[in-house]
Amino acid sequence: MTDEQANLFSDDVGRNPVSHFVVGKVAATFFSSSDSFYKVLLVKVTEQNIDWSEDEIVVTGNFADIQEETTYRFTGRTVTHPKYGVQFQADNYQNETPTTRSGLIAYLSGNDFPGLGKRTAERIVDTLGEDAIDKILADPKVLKPIGLRAGVQATLVDTLTVNNGLEQTIIGLNAYGFGSRLAAAIYARYQGDTLARIQENPYCLVEDIKGVGFKKADQIAAQLNIDPQADERLKAALLTEIDELCVANGDTYTTAKPLLNQTLQLLENARHVRIDPDKLADQLVVLAKENKIVGDENRIYLRGLYEAEWRVAEQLKRLLDEEDEHPLTDKAVESAIQHVSCASNITYDASQTAALKAAITSHVFLLTGGPGTGKTTIIRGLVALYAELHDVVLDVNQYKDEPFPISLAAPTGRAAKRMAETTGLPASTIHRLLGLTGREDGPEEPSKELQGGLLIIDEMSMVDTVLFQQLLTSIPSEMQVIFVGDKDQLPSVGAGQVFHDLLQFSELPQIELTTIYRQGNDSSIIPLAHAIKDGQLPADFTVNQPDRSFISCNAYQVNHIIEQVVGKAKAKGFSADDVQILAPMYRGTAGIDQLNTTVQNIFNPLKSARQKHLTYNGQDYRVGDKVLHLVNSPEDNVFNGDIGRIVGIDLAGDPHNESKKDQITIAFDQNEVTYQRSDWNRLTLAYSMSIHKSQGSQFKMVILPMVPQFSRMLQRNLLYTAVTRAEQMLILLGDIQSFERSVTNESVNRQTTLTKRLRQVWGIETSDEADEPEASAEPATDVEAAAGDSETTTEGEPTQAKSENDDDVTSAQSVEMAADDGESGASTAAQPTQGPTVLTPTLVLSRQIDPMIGMAGIKPTDFMPQATN
Ligand SMILES: Nc1ncnc2c1ncn2[C@@H]1O[C@H](COP(=O)(O)OP(=O)(O)OP(=O)(O)O)[C@@H](O)[C@H]1O
């Protein structure tokens, strides 16, 4: 154990003056978690100081590699379990190796150490003393004077390390405050080097371990007295802030000024120190040299996102360049379209026919259109067309031993389910299609090659840069691929605006469907959506329609009005699944959290104090609740935005709960998932949800409040996405000015360079490229170029939220100083990308919402609160 660790432990002891222990042989392992180190053991007690009169005790805790029939010393405390009674909860444990001379000699000459006889064991103990094991573990070279054969020495050291080292590692990780799941992930990554790696550079955890952030690493570094000015600290903070800036804005790159500003704030606030901005800028250069970030003109990218954009462009070129061995004739295609049109009883209009024709004859095709313009109709048509032209049988049961020739996929489980329902064919999430588990280390992780002749991806606006790159890499050149979406919806949660950018590039075959079919007497929602898309509210916006209404109210009235509207909807037979409240923000009187509580009490009230429920993060969870999964968890086949229902709550004290832990079981459309407490942060109630999370889903009734408090969230694509989620009924409430503001507030574009990469890969010179510095021109040499540039960006540049530290003059001045320092110029040497030579840029680091089914007779006004009727 190092001094630092010893300090940590003594600190623990300081807080816990009475150190309780149990020493004993592990007789059985009752429970062993599959994804963490948590175990429940039965221990035969040989020694203890906990007032225990029985021979055996149950010991729980985080233990690595426990061997049954081996003696351990457990330190911790006794706890009384509601069902199992008194147990010993261990914070620390160690292999109880003997400490007396004779005990040590017997241990070292025992079965664990083949090749070591009694005499050699005596020599070891006599030479190294009774702390021989600690000395050997600290430095195996102490064995040199003993003169052991190399093989025997290696076995001795290895076995001692296994018997003692792993425990020490887990104890060390526990002491650093890591829970069992993170401890398992860290150990899986560094193995026996874990503690040494952390002690040398705790910031390595930020890069290597999902779930460990800069602040955690920085706390450990502070405990280890690592200099706050250390290069590794500055680099970790820079990487964290590039990621944060890109995640916060959905950009694929950032620029020097916001990056340096935010990084300085992070570094200075965390350890209350001043950081030299020049030193920080130097580390940006170092990160580029280490190939962790890429500077291109005034843009700064994380390497993964930089390469993902290049790869997307290159992969699309590869697919589009593929030549058909047997190209389809116009005549064959036109005749097949006729057949499909007759069989489906649809007369395709001119642009729909053009879309069918272009899509079926292109290797890559993009189809966009607003709600009700026929995207689903075209997907169905394409499937039928492909089957006819390629002699494919559309009966999945006939493909037992070979892959179905048409793959359909979407970014979320709900969108995939809708796709399967509308086509009558299997559809999956993109993650599942690619066999992604979510545990991949990086975007470049190779995924399997897809099989079949045609791939159609729906809800393309939700696909981010990294996932798209993984998808394209898996598509074989002979496969046709069609991307379908609505370009005016919100972009992906992850970085990029892939569909938007692809549509900007006219070399990619594409068609926008603009004729709206689902309208007339049975829908005023779709025309409303199209009007919003075009930047205006219709004149009848506040006039009640058969399927839509507007209730004027202020932010403080929203909750009460929604309570009345939902109460009436429930009385008319609407279920919690039918009614969806969408709001832009979580906090506030009209925010998602408050509305969730209100609507939960209507659809799933707590009926008695004995009903199973639990509280987490200020929200009450009950069996029957509608809940939302907040992240992509491909390992459980549940995705960001998936909605499920709580079907089980197991409390630790339940007699039949074998895990003896609190857990929630949720049924999703596709499967059931059990969430341990450590996963509850992936959940929230779903009666009310953010518009972002509703992407890819539709609901019979959407209730949408818009009030001035939502301020900067009042944007056109947000309102458009919310309105298009309503299948049959839309109830808008709030103040008209907020809706007007949303419509006029044109959606902010993200900072991406995908369209630029496409132009580069296609070798197309465009006029706006002339405005940009030549790849081979003199490199911008310092922060000045980047910082100056970010100052001149106007529309489209995401605005930096005012940080708590905006009045910190020193930090602000520091950035200016760095920007002024023309001498500190640094540019990295050109580095090739993965692409063809001609594409290689000079890498210059500048520090630089069907008809009204079942709705007959029900009008939105039926749900209006009495006061407004
Ligand atoms: N050419 C056409 N002639 C008659 N009806 C059509 C035509 N094209 C589409 N429709 C009908 O219009 C309605 C909307 O079409 P579809 O569902 O394909 O649009 P969509 O773009 O997928 O809409 P959303 O994005 O809202 O799901 C459907 O009822 C469909 O049958």
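The model shown is predicted, which means the values in this text are computed figures rather than measured ones. Residue indices begin at 1 and follow the sequence shown. Counting convention: from 1, in listed order, for ligands and their atoms alike.
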- Are there more than 12 heavy atoms of other residues, nucleotides or ligands under 6.0 Å from atom CZ of Arg432? no
- Backbone of Val638 reached by a side-chain donor or acceptor of Asp636 within 3.5 Å: no
- Any sub-3.5 Å donor-acceptor pair from Gln398's side-chain atoms to Val393's backbone N or O? no
Decide whether an N or O pair under 3.5 Å exists between [X] and ligand 1.
X: Gln352; value: yes
X: Thr377; value: yes
X: Lys375; value: yes

Out of all atoms in ligand 1, which are within 4.0 Å of some heavy atom of [X]? Include the element for each.
X: Ile346; result: 1 (N), 2 (C)
X: Thr373; result: 19 (O), 21 (O)
X: Pro371; result: 23 (O), 25 (O), 26 (O)
X: Gly374; result: 15 (O), 16 (P), 18 (O), 19 (O), 20 (P), 21 (O)
X: Thr347; result: 1 (N), 2 (C), 3 (N)
X: Gly370; result: 21 (O)

- Could you tell me if any non-hydrogen atom of Gly369 lies under 4.0 Å from any atom of ligand 1? no
- Message: Could you go through Asp625 and Asn604, starting from their C-alpha distance and side-chain angles, then the distance that decides it, and tell me whether this counts as side chain to side chain donor-acceptor pair (under 3.5 Å)?
- Response: CA-CA 6 Å; Asp625 269 336; Asn604 194 26; 2.8 Å; yes
- Message: For Phe639 and His431, take the angle between the two ring planes, folded into 0 to 90°, and tell me which bin it lands in: parallel under 30, tilted 30 to 60, perpendicular over 60.
- Response: tilted
- Task: Could you tell me whether Phe739 and Phe541 have their ring centroids closer than 6.0 angstrom?
- Result: yes
Taking only distance into account, with no hydrogens and no angle test, what donor-acceptor pairs under 3.5 Å do side-chain atoms of residues 451-462 form with protein atoms, sequence neighbours excluded?
none

